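Input: a single structure, listed below in C-alpha cells.
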Amino acid sequence: MADRNTLRTTAGAPWPNNQDSLSAGERGPLLLQDYQLIEKLAHQNRERIPERTVHAKGWGAHGKLVITEDISKYTKAKCLQKGAETPMLARFSTVAGEQGAADHERDVRGFALKFYTEDGNWDLVGNNTPVFFVRDPYKFPDFIHTQKRHPKTNMRSPTAMFDFWSLSPEALHQVTILMSDRGLPQSPMHMNGYGSHTFSFWNDAGERYWVKFHFKTQQGHDFYTNEEAEKIIGKTREGYQERLFNTIEEGKYPRWKFQVQIMPELDAEKCDFNPFDLTKVWPHDQFPMIDVGYFELNRNADNYFAEIENAAFSPSNIVPGISFSPDKMLQARIFSYADAHRYRLGTHYETIPVNRPRMEVLNYHKDGTMNVYGGVRTGNENAYYEPNSYGDQGAAVEDRGAQEPPLKISGDAARFDHRVGYDDYSQVRALVMKVMDEPQRQRLYKNMGGAMAGIPTEIAERWFGHLRQVHPDYEAGVRAAWMEANQSEEYMANSHPVTDDTPQQTSGNNAGDQPQAAE
Ligand code: NDP
C-alpha cells in the first residue's frame, strides 16, 4: 500500500523493487522494459552540470542583511533603509581550481551575495580583494586562460601567469594582494568582501552617487602561510567547507560589517584618478567609510547542489535605488555572468528555487526549455504581447518609478588605450611600504618569489622592472626570494629539463606555491 514515504518513479508511480533488475530468467539478460533501471542509469549520467569556468569550487550559506544606519539620502533601495532585514545567500569560492581543487590554495576568493529583496533580487558578485587584475574586458578571457591549464601540458603555468602580468602593469596591485597574507585566508569567515567595482546609488530626489561596497569580517583576518596550507591540504582538501559548515551548525554565526564609500555624481569628473578603474581603490582619507549595517550567515543549505551549486549570481541583478557605473569591467560582467548561467543552468535559471525572487514574477518572456513557472505568467491569459489593453485586468504593466535618473555621457566612440594615463604603482607602494609591516612584507616577497620559481629570466626581469617602480626594496626582496626558490631542493626535485623555446611548467601539485587568481 503506497504511503507518504513510498519510493516512486519520476512519473510518480510506486516503485516496487529497487534491488533486483528485471531479467529473462534468473541468469538471463535484462529486459529493456525495466524502465526504472533505465531511468536510474540515465539520471546518473546527468548528475553533473558544466562546472563554472571560474569559481568552480565554492562554499555557501543562507543568512540575513540588517541595516542599522540611515543612508536614505544616498539611496531609495528598500533593502537599504534603516531597520530593513533581508534574507540572503552567500557563496564564496576560489577562482582557478576545478570543483575538486583543495580549498586552502593561494587564490583570490569570490565573494558573491544574493539579497532576496521585496523589489527583486540584488546580487553583489565581488571578491575578497577591492581591486582586480585587468581594467578592460578584452583582457578578461586572456587573463583567465593564464590561470587555467596549459593546452598541451594540462598543467598550471607560472610562466603564462607572469608573462601576462609582466605585460599588464595594471595587474600589479591585485598580484601584490594575492601574494600577501590576504591571498590565503584561513576560511571564508576570515576575509573581507568587496563589491570591487564602482556601482551607483540613486535617491528619491533622483540624485546619483557613485558607491563602493565593503564587507568587513568580524572574525579577524586570519591567514595561513604556504607551508601551513600545504600541511592542511595533505589532510583535507575541504577545509573551508568543513569550517564554514560546522561553525554555522554549532550556532556561531559569522558576521561582516557592511560599509560604503560615496562620491557625488559630478565629483567623478574632478577626481584626480579614474574612479571607474577596477584596478584601483578609492583612498580612505578622501572617501571615508560610512557604516550601513551587517550581514550574518546562520543557516546551512539542506541540499548543497540545489542551493549552492545551482545558485546563479550576476551583477546584472540590481533593484531600484542601486545601479551600475561606467566601469568597463562591470559593463562586460553585466552580460557575461547572466550568460554563463544561461549556458550552465539554462535559459530559465531564475526559476530554480534558490534563484527565484521572493514574489510572483510577471513578464512577457515566453516558453523555452525548462520554463517551469506555470500559471498565467503575464497576469492575464489574453495578454501574451505588449502593449495590450489588459492592464486593468491584471496584465503586467511597467513601473516607471523604477527608472533610474538619466546619466549624462559624452565623448567620442573610440577605442581608448587603457594603458595610457594610469598610475599603476602609487597604490601598490602605499600598500607594500605603508600598510604592511616588515614581517608582512617578508612573507609577500617569499610568496611572490616562490611563485616565480622556474619562469624564464626575461619574464622575471620584466616583472622586476615593475616592482622596482613600486620600490627598490620590493624588487630586491622578491628577487632574492626568487633566486632562493630556484635553488630550493623542492623545486629542483619537481622540475624537469626543458628546451629553450618551451615555456617551463611546474607540476601544480604544490598548491601553496602556485598563484591562482582572479575572476
Ligand atoms: P589606508 O591606510 O586608510 O587603508 C589601508 C587599508 O588596507 C586598510 O584599511 C585595510 O583595508 C587594507 N589592508 C590592511 N592590510 C592589508 C593587507 N595586508 N593586504 C591588503 N590590504 C590590507 O589607506 P588607503 O585607503 O589610501 O589605501 C592604501 C592601500 O591600501 C591601497 O593602495 C590599497 O592597496 C590598500 N587597500 C585600500 C582599500 C581602500 O578601499 N581604500 C581597501 C583594501 C586595501 P580594509 O579595511 O578593507 O581591510
Side-chain angles (χ1 to χ4, degrees), residues 106-109 111 113 124 126-133 135 165 169-186 188-199 210-226 254-263 267 271-292 294-295 325 327 422-448 466-467 469-471 473-474 477-478 515 517-518:
R106 181 168 296 282
D107 198 352
V108 168
R109 264 68 181 164
F111 200 103
L113 309 174
L124 252 187
N127 280 329
N128 70 330
T129 62
V131 295
F132 193 61
F133 295 87
R135 63 166 71 94
W165 288 335
E170 69 272 23
L172 186 56
H173 199 182
Q174 178 80 318
V175 178
T176 299
I177 297 175
L178 171 65
M179 298 299 169
S180 79
D181 293 344
R182 291 198 181 187
L184 191 34
Q186 284 198 3
M189 296 172 288
H190 296 96
M191 62 192 197
N192 285 353
Y194 302 88
S196 303
H197 299 284
T198 298
F199 289 87
W210 306 116
V211 58
K212 290 274 197 192
F213 295 107
H214 300 252
F215 299 91
K216 304 283 179 69
T217 174
Q218 301 301 288
Q219 289 69 239
H221 277 283
D222 293 342
F223 67 94
Y224 284 126
T225 63
N226 287 345
R255 278 192 180 188
W256 284 260
K257 185 197 264 192
F258 179 18
Q259 295 179 310
V260 291
Q261 287 173 292
I262 295 282
M263 184 190 296
D267 285 11
C271 218
D272 57 1
F273 63 98
N274 177 358
F276 310 117
D277 170 11
L278 182 57
T279 68
K280 302 294 173 291
V281 298
W282 291 3
H284 287 141
D285 57 354
Q286 290 178 51
F287 302 94
M289 288 293 165
I290 298 169
D291 287 342
V292 180
Y294 67 92
F295 82 78
S325 83
D327 177 338
Y422 286 88
D423 168 6
D424 290 318
Y425 303 105
S426 297
Q427 290 203 352
V428 188
R429 190 175 306 122
L431 176 62
V432 177
M433 307 316 292
K434 192 185 85 178
V435 176
M436 290 184 193
D437 59 20
E438 190 55 27
Q440 285 179 316
R441 273 193 289 273
Q442 291 302 327
R443 288 193 292 271
L444 163 70
Y445 301 161
K446 188 168 173 225
N447 293 337
M448 190 178 286
H466 294 303
L467 302 187
Q469 292 195 58
V470 174
H471 198 279
D473 289 356
Y474 194 9
V478 177

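The model shown is predicted, which means the values in this text are computed figures rather than measured ones. First listed ligand is number 1; within each ligand, the first listed atom is number 1. All values below come from the heavy atoms of this structure, side chains included, with hydrogens, waters and symmetry mates left out. Positions are given from 1 along the sequence.
Close placement of the F215 and F258 rings is indicated, their centers lying within 6.0 Å of each other.
Ion pairing of D424 with K280 is present here, as a side-chain N (NZ or NE/NH1/NH2) and a carboxylate O approach within less than 4.0 Å.
Between the side chains of R182 and N128, not a single donor N or O lies within less than 3.5 Å of an accepting N or O.
The shortest heavy-atom contact between G183 and R109 is O-NH1, 3.4 Å.
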Just list the N/O pairs, ligand 1 to protein, that are under 3.5 Å apart, with the distance for each.
residue  : atom   : partner : partner atom : Å
ligand 1 : 3 (O)  : H284    : ND1          : 2.9
ligand 1 : 4 (O)  : H284    : ND1          : 3.0
ligand 1 : 13 (N) : R182    : NH2          : 3.3
ligand 1 : 25 (O) : H284    : N            : 2.7
ligand 1 : 25 (O) : H284    : ND1          : 3.2
ligand 1 : 32 (O) : Q427    : O            : 2.8
ligand 1 : 34 (O) : H173    : NE2          : 2.6
ligand 1 : 40 (O) : H284    : NE2          : 3.3
ligand 1 : 41 (N) : W282    : O            : 3.0
ligand 1 : 41 (N) : H284    : NE2          : 3.2
ligand 1 : 46 (O) : K216    : NZ           : 3.1
ligand 1 : 47 (O) : N192    : ND2          : 3.4
ligand 1 : 47 (O) : Y194    : OH           : 2.5
ligand 1 : 48 (O) : R182    : NH1          : 3.0
ligand 1 : 48 (O) : R182    : NH2          : 2.9
ligand 1 : 48 (O) : N192    : ND2          : 2.9

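Each of T279, L278, L178 was compared with F133 under the side chain to side chain contact (heavy atoms under 4.5 Å, CB included) criterion, and only L178 meets it.
Separating the OH atom in Y425 from the NE2 atom in H471 is a distance of 15.5 Å, to the nearest 0.5 Å.
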